Amino acid sequence: MRLPFHVASHLDASLRAAAAKLGLAERGFQPEVRVADPAHGDFQANGALAFAKREKQNPRALAQQVVDQLGDLAGDFDLTLAGPGFINFRLRPAALLGWLQEYDTEERLQSGAASARAGQTWIVDYSAPNTAKQMHVGHLRSAVIGEAICRLLAFSGARVIRDNHIGDWGTQFGKLIWAYKQAALSGAAALQSALATAPLEEFERLYKLGNHAADADPAVLAAAQQELVKLQRGDAENLAVWQHINDVSLAAFQQIYDQLGIKFDVTLGESFYNDKVDRIYRELTDCGLAEESKGALVVFHPEHPRFQTQPFIVRKSDGASNYASTDLATILYRYEHFKVDGAAYVIDSRQSDHLEQLFLTAEKWFAKTNRKLPHVEHVGFGTVLGENHKPLKTRDGENIRLKALLDEARERAFALVSAKSPEAPEAERRAIADVVGVASVQYADLSQNRSSDYVFAWDKMISLEGNTAAYLLYAVTRVGSIFRKAATAGSGAESGSKPDSPSVALAKEGAPPPISGEDSARWAALATAPESAAEINLARKLVKFADAVQLATNTLRPHYLCTYLYELAGEFSTFYAADKVIVDDPAVRARRLLLCHRTRLVLTAGLHLLGLRTLERM
RNA sequence: GCGAGUGUAGCACAAUGGAUAGUGUAGUGGCCUCCGAAGCCAUUGAUCCGGGUUCGACUCCCGGCACUCGCACCA
C-alpha cells in the first residue's frame, strides 16, 4: 500500500483505529502525532502520556498496547517506544522511495494537499493602499504575506478570492479634485504628460498644492469642500476626475504587484460600499446594538474591559461613514454575495483594536439577524524597522516608496550577480537580478514570524548566506546543473531536450522543470531505495513537505514553510557534497537523480507557494 | 491611566505543552585534480526577573521590569 501525501494524518488515523480496538477512543484518547526530531524518528505520537496520566495508568505500558495494535504499519515504519511513552515512527527506505515515486509533479503534490480545504471559499483582504498616493514600505508586508496566504489556501483546496480593499474614497478627494481642475485649466497638456510619466507623483504633488492653498485661503478651502460635496452627490464631472485618479492609481499599483506576483480577483474599495452603509446603520439600530453618542452612531460592548467605554464609531457626528461602517458593509457583502466560509484580513497589528471591535460587532449583529458569521481572522503583522530599530524611513524621514525599494533590491542583486558571474551577458545578469532582488525582499519578510516587527537589513537579505531567498534559489540552480551535466554525460537524462542557451536561465512561472516526463518516470522506475545517510536524510525531509504546508496554512504563518524549505535546501547541500550523482552504476545514478528531481520539485513548488519566482541559473 | 504586542547567544531569527532550546551571521579550525565553494564539515556562546500549574514550560496562569504600539469621529 502506498503512503498518502500527508503521512502524519495517516498515522493519526491508524492510531485512532488502534485505540478504538483497545476501547480507549471513547475515553478520549488523542494520538497527538507530530513531526519528530530526526534523531528520534520521522514522526512521534505523544498521546499516550496525557491519556495514561488521566487514567492513572503506566504510560509506557499503555503506549506498548497501542503499538501492539499497529501491525499493519510495520511494513512502512520502524516503531519504537522511548522515554516515558513516546511512540516513534521512522520511515523505512522502501516507504520513502514509494512516496517519492508517487509525488512527481506540482499537480500531484497539490492534489495530495487539496483535500484539506476542498469546498471552502476564502476571501483574503490584503494590500489595500490608498489611491492617489504611492505605495510605500508600510504596504509591503500586507502584499507579500497576503499573497503567500492566498496561494497556501488555494493549494489546500480552497476557492480563494483575492480582494484589494483600496482606500478610494474620503475627504482628501475634495482638495485633490480642486487642484486637478486648476492644473487642467492652466495647462491640460502639461498635466496629461505629467500623469503619463509619473501619475502618482503628480497626484501627490497636486494634493499638497491643494492642501497648502486651502490652508492659506478660506475661499479655496470652501471650493475644495464644494468639490467633495459634488463628488459625493454624484456630479458627473467630478466622478470622472475621481475615476481617472483611481484608474491611473491602480495601473501604477499593478506595476508593483507584477513584480510581487500578485493579481487581484476583485478590487472592492471603500467607494464600492458607499451605498451599502445606510442598511448597516438601520440594521444595527434596529437590533439594538448601535446607539447615539455625542452625535455619532456608536456600538459599545458592555462585557468588554475596554470597549464598554471605547466606542466603535459606525457613523460620524457629521453623518458621514467611516471605515467601521464600510468594513461592516464589507462583511455583509462577503457573506451574501461571495458566500465565503472564511475571511482573512492581512492588516497591520496596530489596527487590532479596530478589527476586534469589528468582529465583535459583526458576531452580535449576525447572531441577532440569524445569519452565520463566516470565520473571520485578523492576520496581523509587525512593523518593518530600520537597522536603528525604528520604523524604516528615508534619511529625510519620509516613507520609503515601494517602487524605490524594489528598484534598489534589483540593483543590489545585479551588483552581486555581476560579481559572482561576470562572464554572463548583461541582459541575463539583469534578468537573474530581477528575480533574486525581489525574491530576497519577499523572503526576508515571509521567513520571519509575522507577529513581530522585523529589521530590514539589505546586507543580510541579499547576502546569500543563511536563510535567504538566494540560498534557496542557488540550491535549485545546483540541481539544474546536475541535470545539465547528466545530459552531456550521455546518461540518458534529458534525452530529447535541447542544449541550454542563456535565454532559458529564467524558469517560466509554473512551468515544469525541463526534464521530460519519460525521464522522470524512468528514474523513478529504475531507482532503488535510498541507502547512504545523506540520501536517507534528504528523502525523509522531502516527505515532510506536507506537514510544513499544513502547518503554514492552518496558522496562516508562511514562515513555517520557509523554515522547512531552508532545511530541505540544507539537506540537499549536504547530500550534494557527500554523494556524487553522476556515477556509472545505473541504479545508484537513478535513485540519486530521483532525489534531485524531487528536491527541485518541492523547492520550486514551495517557493511558488510563497509567491517567489525561481531560476534555472544564477 | 487602560489595553495589546514583543523580550531567546555580540547581532538577526526558530522552536504546533514534549525528549539534549535549534539555525544563520560574526569568531576559530578543516574541505575544490571531483555534478556550480553563492557551498560543505567541525567548534565556542542564550530562554528579562519572581512565583505557580504540569509527568514535562521559551510556550499556559499570576505578579513585576523593559521596549513598541493603540485608546471619540483619518484609515
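The sequence lines fix the lettering, A, B, ..., with proteins before strands; numbering per chain opens at 1. Remember, predicted model here, so these are calculated numbers, not experimental data.
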task = Whole angstrom is fine here: how far is it from NE2 in A:His301 over to P in B:rC2?
result = 22 Å

ask   = Choosing from B:rU6, B:rA15, B:rG18, which nucleotide comes nearest the side chain of A:Phe86?
value = B:rG18

query = Is a side-chain donor or acceptor of A:Tyr443 paired with a backbone partner of A:Cys562 at a separation under 3.5 angstrom?
reply = yes

Value in whole Å for how far the P atom of B:rG18 lies from CD of A:Glu32 = 9 Å

message = I'd like to know if A:Lys133 pairs up with A:Glu204 as an ion pair, taking the criterion as any Lys NZ or Arg NE/NH1/NH2 lying under 4.0 Å from an Asp or Glu carboxylate oxygen.
response = no

Proximity to the side chain of A:Val298 - top-ranked nucleotide from B:rC35, B:rA12, B:rA72 = B:rA72

inquiry  = Counting the atoms with a prime plus P, OP1 and OP2 as sugar-phosphate, which does A:Asp547 contact under 4.0 Å by heavy atoms, base, sugar-phosphate, or nothing?
reply    = nothing

query = Rounded to whole angstroms, how far apart are CD on A:Glu291 and P on B:rA72?
reply = 17 Å

task = State whether a side-chain donor-acceptor pair under 3.5 Å links A:Ser447 with A:Asn467.
result = no

What's touching nucleotides 38-49 of chain B from the protein side, N or O pairs under 3.5 Å?
| from | atom 1 | to | atom 2 | distance (Å) |
| --- | --- | --- | --- | --- |
| B:rA38 | N6 | A:Met618 | O | 3.2 |
| B:rG39 | OP1 | A:Leu464 | O | 3.1 |
| B:rG39 | O2' | A:Arg478 | NH1 | 3.0 |
| B:rG39 | O2' | A:Arg478 | NH2 | 3.0 |
| B:rC40 | OP1 | A:Tyr471 | OH | 2.7 |
| B:rC41 | OP1 | A:Thr574 | OG1 | 2.9 |

request  = Tell me which nucleotide among B:rA12, B:rU23, B:rA14 gets nearest to the side chain of A:Tyr566.
outcome  = B:rU23

remark   = Which of A:Tyr471, A:Tyr474, A:Phe572 passes ring-ring contact (aromatic ring centres under 6.0 Å, His included) with A:Tyr566? It is A:Tyr471

query = Reading nucleotides 62-71 of chain B from the 5' end, what letters show protein touch, with B for base, S for backbone sugar-phosphate only, - for no heavy atom under 4.0 Å?
reply = -------SSS

request  = Could you check A:Arg429 against A:Ser418 for side chain to side chain donor-acceptor pair (under 3.5 Å), going step by step and ending with a plain yes or no?
outcome  = CA-CA 7 Å; A:Arg429 281 181 280 135; A:Ser418 297; 2.8 Å; yes

message = How many whole angstroms separate atom CD1 of A:Ile313 from atom C1' of B:rC74?
response = 11 Å

key: Ionic contact status for A:Lys544 with A:Glu571, cut-off 4.0 Å   = no

note = Closest to the 5' end of RNA chain B, once A:Tyr323 and A:Asp579 are matched to their nearest nucleotides, is A:Asp579

task = Verify whether one side chain among A:Asp453 and A:His389 offers a donor that lies under 3.5 Å from an acceptor in the other.
result = no

query = Is there aromatic stacking of A:His559 against B:rA14, centre distance under 5.5 Å, plane angle under 30°?
reply = no

